[in-house]
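A short write-up of the structure that comes next.
Reminder, nothing fancy here: chain letters follow the sequence lines and each chain counts from 1.
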Amino acid sequence: MLDIRMFREHADVIRADHDRRGLQHDAIDEVIRLDEAWRKARYDADQLRRKRNEAARGIAAAKKAGDDAEFQRIKSEVDAIAAEIEALGELSDGHESERDRIRMSIPNILHADVPAGDGDEGNTQHSLHGEKPTFDFDARTHNDLIEMNKWVDLPRAAKIAGSRFYFLKGDLAHMELALQQYAVDFISERGYTFVQPPVMMNREAYEGVTDLADFESVMYNIQPDGYYTIATSEHPLTAMFMDEVIEPSLLPIRIVGVSPCFRREVGAHGQGDKGIWRVHQFTKVEQIIISHPDDSWNHHEELLTNCVDLWDSLGLHYEVVNICTGDMGTVAAKKYDLEAWLPGRGEFKEIVSCSNCTDYQANRLRMRYRTTDGNAAVHTLNSTAVATSRALVAIMEQNQLADGRVRVPDCLVSRMGGKTHLEPCEW
RNA sequence: GCGGACGUCGCAUAGCCUGGUAUCGCGCCGGAUUUGAAAUCCGGUGGUAUUCGCCGCGGGAGUUCAAAUCUCUCCGUCCGCGCCA
């Protein structure tokens, strides 16, 4: 959510941003109109409250003096004002809640470097890493590899849960665990505090970190308690500082978290989503930085550097892309994706997302830091380190051998009991 | 799940019984003093509006002319009991 002061003092900035995104200005105009109406109603109500308070000051004295006539006179005066205050209060509350409902749907202000474009085809390449693997046989897709090696059981998962769930088995399951530990250790060594978050959140906290539309299409709603399962540990790890004033000396707060992630994936059906590429549950190691506003763009590059170093160490071929205006979403001001080369499919596919959300989440969550001139919103940043299911897909496709086995990346061998190749399961 | 205690500004606390202007301390910021620092002294330190002000005591509702204070309810914390990976 944008700071209301942006609408009052720098509406031109929001309008220019809407122009870049190809959006109409109706919502901006409506927020400004409702804000002015709210301030007027609020001011009028304040004046009435003031009159009431001034009158009521005589009541205590009248009571103490036992002057009942004076008490009755003041009471009737105060009663008349109270009815007016009631009506104005409802009016201003209505304006305020409607203003903020619309304000929450207005996206963040994009960074100047974000390239223009309508959809993901407008994303631009930032850098290319690793070497493209070559094969003297036809490279298989991960779907083929998990089936022939019996590393993933989709039919039985569908039987007991539903489609897009999976059992992960044998050596592939071991490598999933090794990846989690490797990534957590890798990021921890750079001064990030390891945190394991709750995997369910309440509605209020969740509204602070995500696009409202996600409640319909992304998160599972757990009844009867009304919790939402997290789509990523970004959400609890960012919201954990909700309603707090953070001592500036604690900034930046660097966190590496790991958690299962749950996604409803409403409407996802394509051929490209087969296997374990797009699933309802996966594990992700995530980086979070709570930053002073002046430092957030440096920290955004820091998060990207961590990702690049981590994925380089896995020996994989991938590109970094700069996400364009049309592919950005509501919350981030700038976003890099890492896209891994999948030789079985012959294309780059998203494995990491690295975002600076500036003060957009912090405004909604009331996450502030103390300054000499009052409290100001912090900036929040997040980046995948490793989403293990997608990392497994990239490793399987890039490290596959002619017989269908898969070479374990060197950095994971010691965490796999010295095993250098993933062997098939018997069943 | 049962019983009890509790929730007050960044932290820590008083006020609650007996309704009537949010208390003291720490930390932090500014100023004085000082070569500098410590110590000491003065002022400021919730939100909003900046124009008198208005609102704020975990959230919501109620009683009342008036609620931090009384009542109900929800959330959370602590202690004891029970159950349990």
Q | Sequence-distant partners of H235(A), ring pair (Phe, Tyr, Trp, His ring centres under 6.0 Å), two or more places apart | A |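 If we apply the ring pair (Phe, Tyr, Trp, His ring centres under 6.0 Å) test to H235(A), skipping adjacent residues, the hits are Y206(A).
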Q.
The criterion is ring pair (Phe, Tyr, Trp, His ring centres under 6.0 Å); which residues satisfy it with Y228(A), sequence neighbours excluded?
A.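 Listed in chain order: F215(A).
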Taking only nitrogen or oxygen atoms into account, show me every contact under 3.5 Å that the protein makes with nucleotides 55-59 of chain B, one pair per line with its distance.
| from | atom 1 | to | atom 2 | distance (Å) |
| --- | --- | --- | --- | --- |
| C55(B) | OP2 | N53(A) | ND2 | 3.2 |

Q) Would you say the side chain of Y43(A) and the base of U48(B) hold a donor-acceptor pair, judged only by whether the two atoms sit under 3.5 Å apart? A) no
Q.
Heavy-atom nearest nucleotide on RNA chain B for R8(A) versus Y227(A): which residue maps closer to 5'?
A.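 Its nearest nucleotide lies further toward 5', so the answer is R8(A).
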Q) Mapping R368(A) and K51(A) to their closest nucleotides on RNA chain B, which lands nearer the 5' end? A) R368(A)
Output side-chain donor-acceptor pairs under 3.5 Å for residues 108-116 of chain A, partner residues at least two apart or in another chain, one line each.
| from | atom 1 | to | atom 2 | distance (Å) |
| --- | --- | --- | --- | --- |
| N108(A) | OD1 | T358(A) | OG1 | 3.4 |
| N108(A) | ND2 | V331(A) | O | 3.0 |
| N108(A) | ND2 | C357(A) | O | 3.1 |
| N108(A) | ND2 | T358(A) | OG1 | 2.9 |
| H111(A) | ND1 | D113(A) | N | 3.0 |

Q: Give the stems involving RNA chain B, where a stem is 3 or more consecutive Watson-Crick or G-U wobble pairs (i with j, i+1 with j-1, and so on) under 3.5 Å.
A: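 If one scans RNA chain B for consecutive Watson-Crick or G-U pairs, the stems found are B:1-7 with B:75-81, B:27-32 with B:40-45, B:46-48 with B:53-55, B:58-62 with B:70-74.
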**Q.** Touch class at under 4.0 angstrom, heavy-atom based, for R5(A) against every strand present
**A.**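 If one applies the 4.0 Å heavy-atom cut-off, R5(A) turns out to touch nothing in the nucleic acid.
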Q.
Just to be sure I understand the rule, does E244(A) reach a base, reach only the sugar-phosphate, or reach nothing, if contact means heavy atoms closer than 4.0 Å?
A. nothing
Q: Counting heavy atoms from C-beta on, name the nucleotide in U50(B), U51(B), C54(B) closest to the side chain of R50(A).
A: C54(B)
Q) Tell me, do M328(A) and K335(A) make a side-chain contact under 4.5 Å, heavy atoms counted? A) yes
Q. For residues D312(A) and Y318(A), is any side-chain donor paired with an opposing acceptor at under 3.5 Å?
A.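 A pair is found: one side chain offers a donor N or O, the other an acceptor, under 3.5 Å apart.
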Q | Pairs touching residues 144-170 of chain A that satisfy ring pair (Phe, Tyr, Trp, His ring centres under 6.0 Å), sequence neighbours left out | A |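 Those involving residues 144-170 of chain A are F165(A)-H280(A).
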